[in-house]
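The structure appears below as structure tokens.
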Amino acid sequence: MAENPFFAPSNLPYQLPPFADIREEHYLPAFERGMAEQLAEVDAIASSTEPPTFDNTIAALERSGRILDRTATVFYSIASSNTTDGIMEIEKQISPELTRHSDAIRLNRALWARIKQVTTEDAEESWLLEKYRDDFIRAGADLSETEQDRLRELNGELSTLSTEFAQSLLKASTESALVVEDPKELDGFDEAKIESLLKDGKYVLPLLNFTNQPGLAQLTDRDVRRRLYELSVGRAPGNFERAAKMATLRAERAALLGFPNHAAYSVTDQTAKTAEAVEEMLGQLVGPAVRNAGKEAEALTEQAGFAIEPWDWSYYSEKVRQARYDFDAAAMRPYFELNRVYRDGIFFAATELYGVTFAERADLGGYHHDVTVFEVSNEDGSRLGLFVLDPYARETKRGGAWMNNLVDQSFLFGQLPVVMNNLNVTKPASGPTLLTYDEVNTAFHEFGHALHGLFSQVRYPRVSGTSVPRDFVEYPSQVNEMWGTWPEVLANYAKHHETGEPMPAELVAKLTAAEKFNQGFKTVEYLAATLLDWAWHKLAPGETVADAEAFEAAALEAARIDVALVRPRYRTNYFAHIFAGGYSAGYYSYIWSEVLDAESVEWFKENGGLTRANGDHFRRELLSRGGSLDPLTAFRNFRGREPSIQPLLARRGLD
Ligand SMILES: [Zn+2]
């Protein structure tokens, strides 16, 4: 048997993982060896007889665990983008083991004693040292033996529940798919769309991972819409119980660590810092958002001529949008061809702002033939890193869109970054891939994360690129969305895929005019999910929830965000961000980041928009710094002042 590809660094350019050589049977042995290797390294650091220094303790920890790092990075990337039953089985097995592994490091008393003695004068080092101390305290380093034993148990149970939550959700996207036998029931979809749904003589529309399925905007049959909506909100019902259990376990863990609840624990290492700060910001948004949604509902009722139900909202809002702005989402799509959107839109904007260029590397591949690799270079020709793109939806990919790192930039290892974007665009049976405007916006957004990873210029992997607090990480990606409709950029990429004609000026005008449309709905849908997340994570220690659906309803009512026609963007049973991802008590982060985003968009506009000087300033002060300094300091260095909520309120029509 050939050597396990994870045991040595990749020989490919930029240490791109050797996907072609990686097989499922490599993962478990690589995880096992990786954990053993790191524990031995940590043991050597902890039992050293030399006086503790930054280099022999913190930097040594940064250098440890290379095999484990390589293995986990590839494994979780594949588990999200191209999973199999075998991968899911490994995930189930390995996730509690990884939790035990990380506990073994952070609850190592000899190691903690040494970390507490380290001192340093260097600014980047002392920021990193503080992060380590914080990580260890938050992981329970200061607790007694008995308390630490209980903590390990809680972490293990939580990690198992979280894996089960994710896996049952992935299964539900096909198991709860809308199935119809008569294509007439799919009236409203175009021929190509209907054709792409045909499977074994039936039409199968899988669920995407949020409440309001895109099909609800088009399907003309009201009863089909109702069925689709009910499948969406009722999927994976077993997850209600898992979620309630997780919330109770998290509350107990928070109490062990000295916090009144999980929300309070969760925000201390964020830019928000306190639960009160989060609640104060949310409090400014709920009232105006609910009022806006109420006004929108009146317009929809008028359009429909009857009292609408939740599954009618998208359909009639599309009608009102067409009537009011003559906006036809379908008419836009021929101007948004996937390759052109990237090369002449997303890459073009990056070249204008930062001088970077992109060259496809057909010699480098991913784990699937739909994956493309680009080499990114600076204006002076120096190499910057690789950008890997996996645009298409497939049954083996989880829902949504995201960025992840395949290799972290760090000076410590002399390593340039390899970053990746995943989208969930439906692959057409043949012909070009035409995007919706929402998908274009998502592509710009994810690429903003990619730039944050690519431009990273830091010494230590722990603070590389997007390794910033959750409530800061969405900020650079949200800023990048602004270039999607920036006139110079739009004119460069929005061209008809057959004729090459630019998008007609009147369509462009409609696109921007309709931007504020339906913002009440979008804000309420988002805030309802945020406040639901918040309610689950403000459970008091010892509190249990017998009926998770009733808890959900009561939480929305108490937060005054229980708008009958607008359910949360995610209900408890499919809220993967908070029960299967890293966003527990953190879904507020998107709007928190948007405060900084709106400030920054304003700055770009005040300073002449799409220019190299602007791009260079943003890159130097913010994007290149990763998590190597206090994020709000980086923001102030860029913006020149403290952030204010006003630009955000104005943008959302909430002022
Ligand atoms: Zn994002």
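Each ligand, and each atom within it, is numbered from 1 in the order the structure gives. Below, all heavy atoms of this structure are taken into account, side chains as well, without hydrogens, waters or symmetry copies.
- Taking a cut-off of 2.8 Å, the protein N, O or S atoms nearer than that to the Zn ion (ligand 1) are His445 NE2, His449 NE2, Glu474 OE1.
- A salt bridge is defined here as a Lys NZ or Arg NE, NH1 or NH2 lying under 4.0 Å from an Asp or Glu carboxylate O, and Arg639 with Glu602 meets this definition.
- Taking the charged nitrogens against the carboxylate oxygens, Arg567 and Glu525 have no contact shorter than 4.0 Å, which rules out a salt bridge.
- Under a cutoff of 6.0 Å and an axis angle of 45°, Arg619 and Phe455 form a cation-pi pair.
- Under the 3.5 Å distance criterion, the side-chain polar atoms of Tyr265 are matched with a main-chain donor or acceptor of Arg138.
- Of all non-hydrogen atoms in Ile578 and Tyr583, the two that sit nearest each other are CG2-O, 3.3 Å.
- Going from atom CZ of Arg652 over to atom OG1 of Thr523 covers 4.0 Å, rounded to the nearest 0.5 Å.
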